[in-house]
Amino acid sequence: MNRYPVWKYLMIVIALLLGALYTAPNYFGETPALQVTSGRSTLNITSASTTLVEDALKRVGIPSTGISLEGTGHSTSVRARFAGTEEQFKAKLALERELNKDPANPDYIVTVNLVKNTPAWMEKIGAGPMSLGLDLRGGVHFLLQVDTKAVIDNKVKALQASVRSNLRDKNVRHAGIERVGDTIEVRFRDAATRTAARTVLSAQSNEINFADAADGADQKLVVSLKPDAIKRSIEDGVKQNIVTLSKRINELGTTEPIIQQQGADRIVVQLPGVQDVARAKDIIGRTATLELRMVDQSVTPGTELSAAIPLNSELFTEGRGAPVVLSRDIILTGEYISSATASFDQNQQPAVSLDLNGDGGRRIRQATRDNVGKRMAILLKEKGVYNVLSAPTIQSELGSTFQITNMGTSQDANELALLLRSGALSAPMEFVEERVIGPQLGAENIDRGLHSTIWGFVAIAVFMIIYYHLFGVFSALALAANVLFLLALLSILQITLTLPGIAAIALALGVAIDSNVLVNERIREELRGGAPPQAAIAAGSKHAWDTIVDSNVTTLIVGLALLIFGSGPVRGFAVVHCLGILTSMFSAVVVARGFANLWYGRKKKLTKISIGTVWQPGMSPTKK
Amino acid sequence: MEFFKIKRDIPFMRHALILNAISVLTFVLAVFFLFSKGLNFSVEFTGGTVMELRYPHAADQEKIRTTLRGMGYSHPEVASFGTAQDIMLRLPILEGTEAAGTSARVFNAICAADGGAPKQSQVTTDKGEVINHTSCAKATGEELISLQRVEFVGPSVGDELAQNGLNALIMVIVGIMIYLAIRFEWKFAVAAVVANLHDVVIILGFFAFFQWEFSLTVLAATLAVLGYSVNESVVIFDRIREMFRKQRKMTTSEVIDHAITSTISRTIITHGSTLMMVMSMLFFGGYALHYFAIALAIGILFGVYSSVFVAAAVAMWLGVKREDLIKPIKEKDETDGAVV
């Protein structure tokens, strides 16, 4: 009765092996490496950058043990590994010199980094080391709050401007446009005009709601943004800010920065290894600006670099549309751009659609009316350096919404739209939380967490073995298996380990032993009641199961509640807590029994089992 | 080894009334302290700045206080923890200043008072990773103070955390009630939740009485105790249910006595093991896990007590009966069909 079928033993063995395999990456350590990231918004890191780094290293003759492209989106970087810190240091100087033409305005940022030593085949099967939380390795953590009021305010301002210009364009006569709270009230002399206005406006945008109202003799039309539209613009604002932040944080050269949305309107930024709050804040809060300027027609295209530059013009050499000579007069700045999206023009060619707010529409109309056929350039100014994003030809007079066509590929269109949006932070942000943990403290926290877990484990194991003899050994082994499973799960799920997480591991071990105690006590009870050993093991395990399920499910409910509502340290605790409950059920019930079965299962005439003292004159319920 | 050689069931329920009176008393005391003293909420809830500084020698706390008073803090909290070299500052948000920059201003002022200048130094670890280190150093390069940790939290974040904490508590209570009501019976569900809240309130009472810092980590510990303590009650309830099924003649209080007696050995061992773990955290975990471990330790000790004397007793007062747990099997109507 105490024999597992072969598949069950096999399952335990496989589980243990998988556990060992997936915890293994945590022991491999790290090698010195260099990380190359983009130093400017207009430069993306692609596989071409990998070749660039490779070539540069070859030229200077520094051997690298591996160059790879890592990360996705805006956190893409090229990483080169080296055999030792000496090569790493030399390579850093060499790469900085080779990759950047102008040291004052670097194209690439080279930072010293550590790369995990996990073998490639392990990475392929998803086995990677756990990442450590900031409290364990030091660094800064910011929580930024996006000012949603300002986002809505901008949106309403833009709505007011577009209502005004749309009505004027279509010759609908109104008697005044007024902003009341977050709505726009338009007055009309009669109801017929109001109906006409409504038709005009609803054709222009599907983001608005209308309501009729009367004010004395006047008819009013109350225009408001749909809640969906407001929600979407806040979401967009937060996303754009995240994109902008990722680009800027590249400059700090931090390895593995975390930039994440938290809740509806907050952004978490974590920069491991950084301690300089002031500089980090500086870079995060910096603004980049966009400018639209006319191309100077007096300079023949192709001769920009050699021609004499007229007095009221400047030469720009950086960026996609460069070289180009532009007028010093600014038509429009980025503040007027309310949205930029990649789209398609009437010929189904990639294009970028722009929406202007305020009197941006008026300004651009004025500027473009007489300049059809001429070129206009879009500039991004960052750190005092200009970059020509694009220099399209004006096809017709432009209004508050227009398209930049001739984008080539849709990827280019996407990138330009992103740059137009992300040049500046789309919504103002405020620092609501700031944490700095010194590297030394981080290391101390790891030590302390590990020590408390190890000593706690040893104490429990020793006690179990003294109290339950051989069954105590089984329990201790199961507990060790539990640690293995838990660490493996944490590694597989790529959960960031924090100090509360370590505390949860420790607590999980304390609680996990409960299931073993329940089983062992139950077996003793069965023996006390006179059951033969084999029957006692079977019945004890069976009876304890109900209790184990009930008690673990209730604990799991608590864990889930913490997971759902918790944030920060509570969440770090809850994740490990929940996983710990699951692994402990498996290890205490299946693995511990497996050991017992393996040891005792085959013995037919078992007269005694080693489970500590079983006090014989057992108690029995007092019967009346 | 065998700790408990119990011949007869221990008549726990005979003393239930007295023990419950003690329970009610501790509970009322805890509530009293919660209201009169309140919890010493950490900056995570209240908003403000916490800084951890390390001096190479025992720090002059009075000097730091004077510097802080000079900056406009009327009651700056300066305390050492662990050793006299480790100093923790706790500063509320000052009206009229940019709260997010507090830490830098404070560090610079304290540094200046010691005659040093703040310095950012880069240390390359043996693995080649560059780590920035903020410290305060004399012109000679001698390090006076090193900045270990800074935590600033805006006031609005705290309200949300408190709300989330409350939500978690409600979800836990409702979830447990539903599960227990399905698995056992509503009387047990009520009893378990009462016993649990009793534990939680007492932990909070301790934190209020000693004015220990109540942080998010402590909140996590407190809520974890909820789960842990229900766990305990469930084990006893399980036994009660089993006994009701087996022993038809025992009275309710006898059944409860027997259930508790037969699980007491497991109760003590389990809690002993968990307590060993928690003590290990308390001794080796350092300051960061100190109050977390204390909250758990109190929770575990009261968890044993409450599941034995509170949960079981409340279930008894609510009048659990055999019939509540063992649904009577409907007897087949013999006279089904035609009656002559």
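None of these values were measured; they are calculated from a predicted model. So that the names make sense, note that chain A is the first sequence line, chain B the second, and so on, each numbered from 1.
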Plane angle bin for B:Phe237 and B:Phe184 - parallel if under 30°, tilted between 30 and 60°, otherwise perpendicular: perpendicular
Residues A:Arg522, B:Glu242; criterion salt bridge (charged side-chain N to carboxylate O under 4.0 Å, His left out); working and verdict: CA-CA 13 Å; A:Arg522 206 59 204 234; B:Glu242 203 182 310; 2.5 Å; yes
Closest-packed option against chain B by number of heavy-atom pairs under 4.5 Å, given A:Leu556, A:Ile437, A:Ile513, A:Leu563: A:Ile437
Close aromatic pair by centroid cut-off 6.0 Å: B:His258 and B:Phe244: no
Residue B:Asp238 versus chain A: region with a heavy atom under 4.5 Å: side chain
Residue B:Leu282 versus chain A: region with a heavy atom under 4.5 Å: neither
Side chain, backbone, both or neither of B:Gln163 within contact of chain A (heavy atoms, under 4.5 Å): neither
Heavy-atom contact with chain A under 4.5 Å, split by part of B:Leu169: neither
Option that, when pairs with chain A are counted at under 4.5 Å, heavy atom only, ranks first among B:Arg183, B:Gln148, B:Glu232: B:Gln148
Option that, when pairs with chain A are counted at under 4.5 Å, heavy atom only, ranks first among B:Arg239, B:Glu52, B:Met276, B:Met279: B:Arg239
With A:Thr498 via side chain to side chain donor-acceptor pair (under 3.5 Å) - residues at least two apart: none
Structural part of B:Ile300 lying under 4.5 Å from a heavy atom of chain A: neither
Centroid separation B:Phe292 to A:Phe573 less than 6.0 Å: yes
